[in-house]
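Below, read A as the first sequence line, B as the second, and so on, with proteins coming before strands; counting in each chain starts at 1. Treat the numbers as computed from the prediction; the structure is a model and nothing was measured.
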2 protein chains.
Amino acid sequence: MLIKPAMNLEQVSPKKVSDFIFDRLEEAIILKEFMSDEQLPSERDLATIFNASRITVREALARLESLGLVEKRVGAKGGTFVLPITRNSHLRNRDEMRRNWDSMIEVFEYRMVVEPGAAYLAAQRIKKEELQQLRDYVTASIEPDCTREAFRSIDVRIHLSVAKASGNAYFDHAVRQIRTKINPALDLMPYSDRVKVNNYEAHRDLIAALEAGDADRSRDIMYRHIEHSAEAIRARVFADESFED
Amino acid sequence: MLIKPAMNLEQVSPKKVSDFIFDRLEEAIILKEFMSDEQLPSERDLATIFNASRITVREALARLESLGLVEKRVGAKGGTFVLPITRNSHLRNRDEMRRNWDSMIEVFEYRMVVEPGAAYLAAQRIKKEELQQLRDYVTASIEPDCTREAFRSIDVRIHLSVAKASGNAYFDHAVRQIRTKINPALDLMPYSDRVKVNNYEAHRDLIAALEAGDADRSRDIMYRHIEHSAEAIRARVFADESFED
DNA sequence: ATATAAGGTATAGACCTTAAACCATTCAAT
DNA sequence: ATTGAATGGTTTAAGGTCTATACCTTATAT
């Protein structure tokens, strides 16, 4: 009985403080915790928030700026401002999606397992306040004056809130990670009343199942919801160019 | 429609190269990639492997030593050697489990979702060589001369191999993470023929389902297998002290 | 004009990491 | 007993990262 230990040690490189700050701010922007044209906290405030020096914060901001995610303005009313996501910034275009389609599929596969699991747990534990917050999100998402970007932001928050309501840090973290990967793709999706209504109905039904404490139904609704989402992304990314919007 | 952005920026601290090296080596030891009394690569070799300086490697090893995970010996035939896991080393005892039971439950919940998901995918993709490797593991695990530690090591490798066979890096990483958390608890479990046979049968049935390409059955077998495992751990950790082995 | 609040810049010191060299210990071969 | 080889133990110099602090520049409101 000889079992060969599969030593598999990989090289490591240091992770600088500025790397962590960059990652967190990039994630916040992708998850639309900051909307377009919104101002990030000042460099001095970010330094306090992250418990880092201003120079280190500036290093992270410089990377965000070089990627076209933020823009700096000096003077009074100056600051660091989030730029609108354009089709060509930061690996967010369709060609990039096609080239990295295999890795997108990996994320989808993971999502199909993790998010329904989170919904299953959330149905058993979600609190009244969390349910109310979800209802408010869903109500806001269906209003006529809900812009495309607001709609996208609300969608993110609904899913992250469900993950949080699972009361399990692993699901919370995983859903965040998954969403950070797929949100650029979701931002490519068309925005129409039909899309709004489809999402509204799925979210509404999910909330009803969560409220009823029906874990199985919550899981199934979530599964179908994101299955539909994945299929829509696939269709969009591989659509004939002539249908480009 | 006012949606308040929930800015939630946490403090960060730098992650040193020696932290990464420590983490990786600790994981390797917990996952029994190195068995008791086995020698780690020399400091110079580890420095090459991790692309780090020897001093940095030594810092990581010093932490492992202070936790009682390894022991150093100087001179020819010297080196860094893995110590046997004792009940009192490194948060591995029963009291520690009880105190952190809530976080153990979190891991179990996550595991119940992730590992069946990995098995589901693996059934669709596993390669012949991977199946053969799994069969070899399972065969070795049931042999009469299979020691407790060898049995534990094989068990880990079976589950990690299934995750790898899913062909999805997210599942692979998650299962590794999960296993690193729960393996100390599994090491507390009693070792008997009954345990060996129960595990053998579960693993054997899983391999049969994987070989048949039956994703649903693979998922269900994995689910029941780890459900049983979680229940056994719970029973063990909260057993009356008088039944201590 | 001035005050203010933001980004832009500069310097010194602490800490981490690397590279290279050398020391100390042990065991096997001679 | 001597030597060689492989290991851990130690030292030093240089460079990079991060912090703390201070000061400069810009643009807007008053």
Side-chain angles (χ1 to χ4, degrees), chain A residues 7 9-26 28-29 34 36-83, chain B residues 7 9-26 28-29 34 36-83:
Chain A
M7 249 297 266
L9 300 179
E10 308 79 17
Q11 295 197 354
V12 289
S13 46
K15 184 141 185 178
K16 295 182 290 189
V17 173
S18 62
D19 294 334
F20 282 105
I21 297 175
F22 170 83
D23 287 348
R24 182 63 191 91
L25 290 176
E26 184 194 31
I29 292 169
F34 298 101
S36 290
D37 300 323
E38 192 172 339
Q39 185 178 5
L40 264 51
S42 71
E43 294 178 348
R44 289 167 179 84
D45 286 348
L46 286 173
T48 302
I49 291 170
F50 286 122
N51 194 26
S53 75
R54 207 180 135 209
I55 289 184
T56 306
V57 168
R58 282 175 58 76
E59 207 161 294
L61 293 178
R63 287 180 58 194
L64 290 174
E65 192 174 21
S66 74
L67 284 174
L69 292 177
V70 301
E71 172 189 72
K72 289 180 162 192
R73 298 176 208 152
V74 299
K77 297 285 179 142
T80 306
F81 295 85
V82 176
L83 289 173
Chain B
M7 249 295 266
L9 300 179
E10 309 79 17
Q11 294 196 354
V12 288
S13 47
K15 185 143 185 176
K16 295 181 290 190
V17 173
S18 61
D19 294 333
F20 282 104
I21 296 174
F22 170 83
D23 287 348
R24 182 62 191 91
L25 290 177
E26 185 195 29
I29 292 169
F34 298 101
S36 290
D37 300 323
E38 192 173 340
Q39 185 177 5
L40 264 52
S42 71
E43 294 178 349
R44 289 168 179 83
D45 286 348
L46 285 173
T48 302
I49 290 170
F50 287 122
N51 194 27
S53 75
R54 208 180 134 208
I55 290 186
T56 305
V57 168
R58 282 174 58 77
E59 206 161 296
L61 293 177
R63 287 180 59 193
L64 290 174
E65 192 174 20
S66 75
L67 285 174
L69 292 177
V70 302
E71 173 190 71
K72 289 181 162 192
R73 297 176 209 150
V74 300
K77 297 283 179 144
T80 307
F81 295 84
V82 176
L83 289 173

Do B/Arg44 and D/dG8 have a side chain to base donor-acceptor pair shorter than 3.5 Å?
yes

Check the distance between [N]'s [atom2] and [X]'s [atom1] and give it to me in whole angstrom.
| X | N | atom1 | atom2 | result |
| --- | --- | --- | --- | --- |
| B/Arg58 | C/dC16 | CZ | P | 16 Å |
| B/Glu43 | C/dT18 | CD | P | 14 Å |
| B/Phe22 | C/dC16 | CZ | C1' | 18 Å |
| B/Phe81 | C/dT26 | CZ | P | 13 Å |
| B/Phe20 | C/dT17 | CZ | P | 10 Å |
| B/Lys15 | D/dC18 | NZ | P | 15 Å |
| B/Leu64 | D/dG8 | CG | C1' | 15 Å |
| A/Gln39 | C/dA6 | CD | C1' | 8 Å |

Select one nucleotide: of [options], the one nearest the side-chain heavy atoms of [X].
| X | options | answer |
| --- | --- | --- |
| A/Arg54 | D/dT28, C/dA21, C/dT9 | C/dT9 |
| B/Ser42 | D/dG8, C/dC27, C/dG8 | D/dG8 |
| A/Lys77 | D/dA22, D/dG9, D/dA29 | D/dA29 |
| B/Glu59 | C/dT17, D/dT19, D/dT7 | C/dT17 |

Is the shortest heavy-atom distance from the side chain of [X] to the side chain of [Y] under 4.5 Å?
| X | Y | value |
| --- | --- | --- |
| B/Leu46 | B/Ile21 | no |
| A/Pro41 | A/Phe34 | yes |
| B/Asp19 | B/Arg63 | yes |

Closest nucleotide of DNA chain C for B/Ile55 versus for A/Val74: which of these residues is on the 5' side?
A/Val74

Would you indicate what [X] reaches in the nucleic acid, counting non-hydrogen atoms under 4.0 angstrom: base, sugar-phosphate, or nothing?
| X | value |
| --- | --- |
| A/Ala47 | nothing |
| B/Gly75 | base |
| A/Asn51 | sugar-phosphate |

According to a strict under-4.0 Å criterion, is [X] in side-chain N/O contact with OP1 or OP2 of [N]?
| X | N | result |
| --- | --- | --- |
| A/Lys72 | C/dG8 | yes |
| A/Arg73 | C/dG7 | no |
| A/Thr56 | D/dT19 | yes |
| A/Thr80 | C/dG7 | yes |
| A/Lys16 | D/dT17 | yes |
| B/Ser53 | C/dT18 | yes |

5′-ward residue of the pair B/Gly78/A/Ser18 relative to DNA chain D:
B/Gly78

Does any N or O in the side chain of B/Gln39 come within less than 3.5 Å of the main-chain N or O of B/Gly78, such that one atom is a donor and the other an acceptor?
yes

For the residue pair A/Glu43 and A/Leu61, what are the closest heavy atoms and their distance?
CG-CD1, 3.7 Å

Tested for side chain to side chain contact (heavy atoms under 4.5 Å, CB included) against A/Val70, the lone hit among A/Leu25, A/Thr80, A/Leu83 is A/Thr80

